[in-house]
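Fair warning: this is a prediction, and the values are worked out from it, not measured in the lab. Residue numbers start from 1 in every chain, and the chains themselves are labelled A, B, ... in the order their sequence lines are given, proteins ahead of strands.
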Number of protein chains: 2
Amino acid sequence: MNKTTRSYNQFCALAKALDIVGERWTLLIVRELLSGPKRFKDLQGALPGIGSNLLSARLKDMESQALVVRGKLPPPAASAIYELTERGSGLGKVVGELVKWGFSLLGIPKPEECFQPRWAMQALLVTFDPEAAQGVSETYEFRIDDEIFHFTVHDGKAEGLLGPASDPDMVLVATSLEFLTLGFGENQNGYAIKKGLIKRGTPEMLTRFGRIFRHLR
Amino acid sequence: MNKTTRSYNQFCALAKALDIVGERWTLLIVRELLSGPKRFKDLQGALPGIGSNLLSARLKDMESQALVVRGKLPPPAASAIYELTERGSGLGKVVGELVKWGFSLLGIPKPEECFQPRWAMQALLVTFDPEAAQGVSETYEFRIDDEIFHFTVHDGKAEGLLGPASDPDMVLVATSLEFLTLGFGENQNGYAIKKGLIKRGTPEMLTRFGRIFRHLR
DNA sequence: CGGAATCCTCTTCGATACTG
DNA sequence: CAGTATCGAAGAGGATTCCG
């Protein structure tokens, strides 16, 4: 179908990379898959406006470029899933730098802008500060709207995963709006306490979390 | 003129970043400007296929997004130049990660692919290995085709700049083809000596350079 | 139901020609 | 040299239909 995929035709690593991931939607698809395999429908839901034909075409391109493999979920839910290959996962750092750069462009959420809690998870993860994590060994779980994810900090390293933690030290439950207010506002603890968001653990843990994953202004 | 620049409409740092730099050509323009201010003509020459209208539109967009400022060269060459702002330069890391990721896609130069020596300079710079640079304090100048650039290694840090060095320890003169052969081949010194490429300095310096800027793979 | 193919309209791209 | 104007070609986006 792609007789000639459009190319910059330059012997340059940047141009080659952009030949593959520079098209519209591609890196957003990678963003979604970075937090685990997804079904077609999941991707479509997270990418409003993409249209099934275009998503289908992109996934095919990405498969032919070995960024993605098509798998099958084990029965009974035997539906197709898309998963990043090693090469695809290698884009994590690229996405991370773009997120850092784009952070200051976020501004105030506008009404027409959609939001998925897991995007915040990924953004927080790139703001991880190993220095601040020294000596901390804790797990923080967040339940935002109907998404659950958690961060594990241990041994100067951090990990962020979708789904609940097995035995979290802190659990925070909030709506998207509350969560964003918390993230961008001052006096996080005051707000969290007033709203009763901390369902397990102490405000000190939230403070610590805020120091370890300090969003860049 | 831009009634509504197309946007992903997501409250996500990645999507915001891609709203601005995700369009075709934009990051390649950034790549060019990362090595210093350029005139319209220079950019057009380095981006074959862009078309003057599109380059013009992109520069306007980038100016309105504060990635670029339009300056004037001092007389007598009073022509307009484009220069990255601080925000624009912040994309250096993004470009760096894309270059690292794209490196393995380079393959063999194909006849239709164009090449500019300065792209190699930027690619080499991202492969800098601080460990290997410990205790080295040298300047390496390269004259490839009709472009000249140099690397300064000092104090565990490296810098790459267009133009000649003031007092280089090593000077290597080569064609693009020779340079690429050197970069991707085995036995660099053998090749360099056989072709007489090292015009100043010793083969040991070239070996050291290859260890400090070791291209990935 | 998940996902791919088909249409149709609109925007963007790319190449060339043209102007200050 | 630095752009603007123009126009055919390609790609995006939405709706709908088809297929397992």
Side-chain angles (χ1 to χ4, degrees), chain A residues 1-10 15 18-29 32 37-64 68-83 112 114, chain B residues 1-10 15 18-29 32-33 37-64 68-73 75-83 112 114:
Chain A
M1 82 161 297
N2 267 338
K3 42 183 66 177
T4 336
T5 303
R6 186 166 54 175
S7 165
Y8 289 113
N9 274 326
Q10 298 186 349
L18 291 174
D19 278 345
I20 293 184
V21 300
E23 278 175 308
R24 196 161 165 75
W25 296 108
T26 303
L27 278 178
L28 292 187
I29 296 173
E32 291 305 310
K38 298 276 182 299
R39 290 170 307 175
F40 192 92
K41 194 63 181 300
D42 300 328
L43 293 171
Q44 210 171 11
L47 304 169
I50 193 176
S52 59
N53 56 350
L54 195 46
L55 177 53
S56 175
R58 284 287 176 277
L59 286 170
K60 236 173 252 172
D61 286 349
M62 293 169 75
E63 202 180 353
S64 77
V68 152
V69 284
R70 191 182 307 246
K72 263 229 175 303
L73 226 51
S79 74
I81 54 164
Y82 296 88
E83 190 170 3
E112 72 271 22
C114 62
Chain B
M1 77 159 303
N2 266 341
K3 41 183 69 174
T4 336
T5 304
R6 186 164 55 175
S7 166
Y8 289 112
N9 273 326
Q10 298 185 349
L18 291 174
D19 279 345
I20 293 183
V21 300
E23 279 175 309
R24 197 161 164 74
W25 296 109
T26 304
L27 279 178
L28 292 187
I29 296 173
E32 291 304 310
L33 296 181
K38 298 275 182 300
R39 290 170 307 174
F40 192 92
K41 192 64 181 301
D42 301 328
L43 293 171
Q44 212 171 10
L47 304 169
I50 193 176
S52 54
N53 59 344
L54 195 46
L55 177 54
S56 174
R58 285 287 176 277
L59 286 170
K60 238 174 247 171
D61 286 350
M62 293 169 76
E63 201 180 354
S64 77
V68 152
V69 284
R70 190 182 308 244
K72 264 230 176 301
L73 225 51
S79 73
I81 55 164
Y82 296 88
E83 190 169 2
E112 73 271 22
C114 61

**Q** So, is A:R70 near the phosphate of C:dG3, with a side-chain N or O under 4.0 Å from OP1 or OP2?
**A** no

**Q** If you round to the nearest 0.5 Å, how far is CG of B:N9 from CG of B:D19?
**A** 7.5 Å

**Q** How many whole angstroms separate atom CD of A:E63 from atom C1' of C:dG3?
**A** 13 Å

**Q** Please give, in whole Å, the distance from D:dC7 C1' to B:L54 CG?
**A** 15 Å

**Q** Please report the interatomic distance CG(B:L47) to CH2(B:W25), rounded to the nearest 0.5 Å.
**A** 6.0 Å

**Q** A:R58 has an atom CZ; how far is it from atom C1' of D:dA12, in whole Å?
**A** 8 Å

**Q** Are A:M62 and A:T26 side-chain neighbours, meaning at least one heavy-atom pair lies under 4.5 Å?
**A** yes

**Q** Report the distance from atom CZ of A:R6 to atom P of D:dA10, rounded to the nearest whole Å.
**A** 11 Å

**Q** Mind checking if B:G49 touches a base, just sugar-phosphate, or nothing, with heavy atoms under 4.0 Å?
**A** sugar-phosphate

**Q** Consider the side chain of A:R39, meaning its heavy atoms from C-beta on, and name the nucleotide among C:dG3, C:dG14, C:dT12 that approaches it most closely.
**A** C:dG3

**Q** Taking only the side-chain heavy atoms of A:N53 (C-beta and beyond), determine which of D:dA12, D:dG13, D:dA5 contains the nearest atom.
**A** D:dG13

**Q** Does A:R24 reach the main-chain N or O of A:I50 with its side chain, forming a donor-acceptor pair under 3.5 Å?
**A** no

**Q** Find the distance A:E23:CD to C:dT12:P and express it as a whole number of Å.
**A** 16 Å

**Q** Which of the following nucleotides, D:dG3, C:dT12, C:dA4, is nearest to the side chain of B:F40?
**A** D:dG3

**Q** Compare all side-chain heavy atoms of A:I81 with those of A:D42 and state whether any distance is below 4.5 angstrom.
**A** no

**Q** Between C:dG2, C:dA4, C:dT12, which one does the side chain of A:S56 approach most closely?
**A** C:dA4

**Q** I want to check one thing: is the phosphate of D:dA2, taken as OP1 and OP2, less than 4.0 Å away from some side-chain N or O of B:K41?
**A** no

**Q** Within the pair B:W25 and C:dG14, is there a side-chain N or O less than 4.0 Å away from OP1 or OP2?
**A** yes

**Q** Would you mind reporting whether B:L43 and B:L59 have side-chain heavy atoms less than 4.5 Å apart?
**A** yes

**Q** Just N and O in the side chain of B:R24: are any of them under 4.0 Å from OP1 or OP2 of C:dG14?
**A** yes

**Q** Using whole Å, what does the distance between atom P of nucleotide D:dG3 and atom CE of B:M62 come to?
**A** 14 Å

**Q** Does B:K60 put a side-chain nitrogen or oxygen below 4.0 Å from OP1 or OP2 of D:dT4?
**A** yes

**Q** Using the side-chain heavy atoms of B:A80, tell me which of these nucleotides is nearest: C:dC13, D:dG3, D:dA12.
**A** D:dG3

**Q** Regarding B:S52, tell me which of base, sugar-phosphate or nothing describes its non-hydrogen contacts under 4.0 Å with the strands shown.
**A** base

**Q** To the nearest angstrom, how far is A:Q44 atom CD from D:dG13 atom P?
**A** 13 Å

**Q** So, is B:Y82 near the phosphate of D:dG3, with a side-chain N or O under 4.0 Å from OP1 or OP2?
**A** yes

**Q** Return the value, rounded to whole Å, for the distance between atom CG of B:L59 and atom C1' of D:dC1.
**A** 14 Å

